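Each remark here refers to the structure printed beneath this line.
On a predicted model such as this, the values are computed, not experimentally measured, just so you know. Positions are given from 1, in the same order as the sequence printed here.
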Amino acid sequence: MMQPQAMQNTLLETRLGLFRVGFGITMVWELLRSLGLQRFPRFYVEPTLLFPYYGWSWIPRVRDIGAVYVLFFLMITAAISLTIGYRCR
């Protein structure tokens with residue numbers, strides 16, 4: 001018979017795992033939807049004026065469409081990794 005504390009820990013781990021999978025699926029869904037609607041080039045490459053946050057002005061603006069898609073696919077890869085639990089404990 002499981003102790004109450006061990007059972008509570010198991011339930012917390014299960015809830016956390018379900019949240020991780022749900023959040024990962026939501027991230028992948030939104031990134032793929034943004035890819036289909038061509039939002040990233042429209043919002044990050046085409047504008048002539050972007051307002052950087054205070055303290056983050058040292059990060060250069062991405063002007064190349066290829067670099068935007070590389071960053072986009074890195075985000076998709078990270079979201080899929082989160083969903084399947086890669087390197088999660």
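- Exactly one of Leu35, Val68, Leu31 qualifies for a side-chain contact (heavy atoms from CB on, under 4.5 Å) with Phe73. That residue is Leu35.
- Here the CD1 atom belonging to Ile76 is positioned 6.5 Å from the CD1 atom belonging to Ile80, to the nearest 0.5 angstrom.
- The minimum heavy-atom distance between Thr83 and Ile25, with the atom names listed, is OG1-N, 3.4 Å.
- At a threshold of 4.5 Å between side-chain heavy atoms, the hydrophobic network of Ile, Leu, Val, Met, Phe, Trp and Tyr places Tyr69 and Phe43 in one connected group.
- Hydrophobic clustering (side-chain heavy atoms under 4.5 Å, transitive across Ile, Leu, Val, Met, Phe, Trp, Tyr) groups Phe72 together with Leu32.
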Can you check side-chain contact (heavy atoms from CB on, under 4.5 Å) on Arg39 and Arg33, steps first, answer last?
-> CA-CA 9 Å; Arg39 286 187 180 172; Arg33 192 170 70 99; 3.6 Å; yes
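- Note that the CG atom of Leu82 and the CZ atom of Arg20 stand 6.5 Å from one another [nearest 0.5 Å].
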